[in-house]
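Each remark here refers to the structure printed beneath this line.
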Amino acid sequence: YRFPPLIARLNLKKERPNPKTNQILPLPLRGIPSLPTQRTLPPRRRIPSAKNQLSGQDRPKTKSLAMADSKVQEILEKQVLSVVKAVEDQLDDEIAALDKLDEDDLEVLRERRLQQMKKMAEKRRRWISLGHGEYTEIHAEKEFFSVVKASDRVVCHFYRENWPCKVMDKHLAELAKQHIETRFVKIQAEKSPFLADKLKIVVLPTLALIKKAKVDDYVVGFDQLGGTDDFTTDVLEERLAKAQVIFYEGESSMPKSTNQTKRSVRQSETHDSSDSE
C-alpha cells in the first residue's frame with residue numbers, strides 16, 4: 001500500500017459537526033496527529049544577580065567582616081608606626097651621644113679600635129703560620145690530630161679520586177682563601193682507615209666540621225647542597241656558616257644539623273690556646 005503524497009493528504013480535509021455546539025470542526029488527517037494551534041512555552045526563569053543573592057541576614061555579616069578588616073589594618077599601621085618611632089628614637093639617642101663626646105672620649109675610642117686591629121693582625125699572623133688561608137692535604141693520620149689540636153676551626157674533606165670529590169676540592173680551595181680564620185684540609189679516606197672508621201665515614205665526599213678538636217657536624221655528599229654537583233661556592237659557604245665553623249656576615253635560612261653526635265678526635269686531654277676570641 002502506497003500512501004499519497006503529503007500535499008495531497010493535507011488538502012483532504014473532512015469536517016464533522018460537534019454534537020454539543022452543532023459547530024463543524026475539521027477532522028484530523030489519518031496518520032497525522034492534530035497539532036496545537038498555539039505553542040505554549042515554559043515560563044522564563046529569572047537568574048538572580050550577585051546583589052540579590054545576598055539575603056537580608058548575609059548583608060550584615062559582610063559589613064561586619066569589612067569592619068573587622070579595617071580594624072586589623074588600623075592595628076597593623078599603629079604597630080608599624082610604633083616600631084619606626086622606636087628605631088628613630090634609638091638613632092637620635094646614638095647621634096646625641098656622639099655629639100656629647102669630647103676629645104678625650106674620641107681618643108679612648110681611637111685607642112680601643114687600634115688595640116682591636118693589633119689583636120686581629122696578631123691572629124692573622126698566627127693563622128697563617130698554622131697553614132690557614134690555603135687548602136692543603138694531610139698525608140698521615142697523625143698529622144690530622146696535630147692539625148685539629150692547633151686550630152679551633154677545621155674543615156676536613158675525606159675524599160677519593162673521583163669527580164664529586166674534585167668538585168668539592170674546587171669550592172674548598174676558594175673558601176680557604178676567603179676565610180683565613182678556618183683551616184681547610186683534605187685527607188684520602190682509603191689511606192686513613194682508622195679515622196674513617198672512628199668518624200663513621202661511609203659516603204664520599206664527606207666534610208668533617210671540627211670545632212675545638214671535636215667533630216661538630218658533617219656535610220655528607222651533595223644532599224645538603226642542592227642534591228647536584230653544580231652547586232655554587234656560596235651554598236657551601238652558607239652551610240659551613242650554619243655550623244659556625246666559619247665567620248659569615250650574610251643571612252642564611254638553612255637549618256643547622258643537630259642529629260649528629262660529637263666524636264672526640266683528641267689524643268690527650270690537654271687544651272691548647274684558643275684563637276676564637
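Quantities reported herein were computed from a predicted structural model and do not represent experimental measurements.
Of all heavy-atom pairs between Ile138 and Phe144, the closest is CG2-N, 3.8 Å. Heavy-atom minimum distance, Glu237 versus Leu175: CB-CD2, 3.7 Å. Contact between Glu141 and Pro193 at its shortest, heavy atoms only, is OE2-N, 3.2 Å. Of all non-hydrogen atoms in Tyr135 and Ala176, the two that sit nearest each other are N-CB, 3.9 Å. Nearest heavy-atom pair, Gln224 versus Val219, reported as atom, atom and distance to 0.1 Å: NE2-CA, 4.3 Å. When all heavy atoms of Thr206 and Ile201 are compared, the closest pair comes out as CG2-CD1, 3.8 Å.
Salt bridge annotation for Lys186-Asp169: present, with a cationic side-chain nitrogen under 4.0 angstrom from a carboxylate oxygen. Between Lys242 and Glu238, none of the side-chain N atoms (NZ, or NE/NH1/NH2) sits under 4.0 Å from a carboxylate O, so this pair counts as no salt bridge. Under the 4.0 Å criterion applied to side-chain N and carboxylate O atoms, Glu107 and Arg110 are assigned as salt-bridge partners. At a threshold of 4.0 Å, the pair Glu181-Arg153 does not count as salt-bridged, since none of the basic side-chain nitrogens sits closer than that to a carboxylate oxygen. Electrostatic pairing of Asp229 and Lys166 does not count as a salt bridge here, judged by no charged N lying under 4.0 Å from a carboxylate O.
Using a 3.5 Å distance cut-off with no hydrogens or angles, the side chains of Asp234 and Thr232 do not pair a donor with an acceptor.
If you take CG on Asp92 and NZ on Lys85, they are separated by 9.0 Å, rounding to the nearest 0.5 Å. Once rounded to the nearest 0.5 Å, the distance linking CG of Leu195 with CD1 of Ile187 reads 5.0 Å. Put simply, CD on Glu190 and CD on Glu161 are 9.0 Å apart, with the number rounded to the nearest 0.5 Å. Between atom CD1 of residue Ile210 and atom OH of residue Tyr218 there is a gap of 8.0 Å, rounded to the nearest 0.5 Å. If you take NE2 on His139 and CD on Glu143, they are separated by 7.0 Å, rounding to the nearest 0.5 Å. Asp217 CG to Leu207 CG: the interatomic distance, rounded to the nearest 0.5 Å, is 10.0 Å.
For an aromatic pair to be called close, the ring centres must be under 6.0 Å apart, and Phe231 with His171 satisfies this.
Among Val215, Leu209, Val185, the single residue meeting the side-chain contact (heavy atoms from CB on, under 4.5 Å) criterion with Val154 is Val185. Paired with Gln115 under the rule side chain to side chain donor-acceptor pair (under 3.5 Å), one option of Lys118, Arg112, Glu111, Arg113 passes, and it is Glu111.
At distances below 3.5 Å, not a single donor-acceptor pair connects side-chain atoms of Lys119 with backbone N or O atoms of Leu114. His179 places no side-chain N or O within donor-acceptor distance of the main-chain N or O of Ile246, the cut-off being under 3.5 Å. With hydrogens and angles ignored, the 3.5 Å screen pairs a side-chain donor or acceptor of Arg183 with a backbone N or O of Leu130. In terms of modelled atom types and a separation under 3.5 Å, the side chain of Ser151 and the main chain of Val148 share no donor-acceptor contact.
Hydrophobic cluster membership of Met117, counting Ile, Leu, Val, Met, Phe, Trp and Tyr whose side-chain heavy atoms lie under 4.5 Å apart directly or via other members: none, as it forms a cluster of its own.
Inter-residue side-chain proximity for Tyr159 and Gln188 is flagged as met; some heavy-atom pair is nearer than 4.5 Å.
The environment of Glu134 atom CD is sparse: at most 12 non-hydrogen atoms of other residues, nucleotides or ligands sit within 6.0 angstrom.
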Steps toward side chain to side chain contact (heavy atoms under 4.5 Å, CB included) verdict (His157, Phe184): CA-CA 8 Å; His157 175 205; Phe184 288 83; over 6 Å; no
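Leu76 and Val83 are assigned to two separate hydrophobic clusters, defined by single-linkage of ILVMFWY side chains at heavy-atom distances under 4.5 Å.
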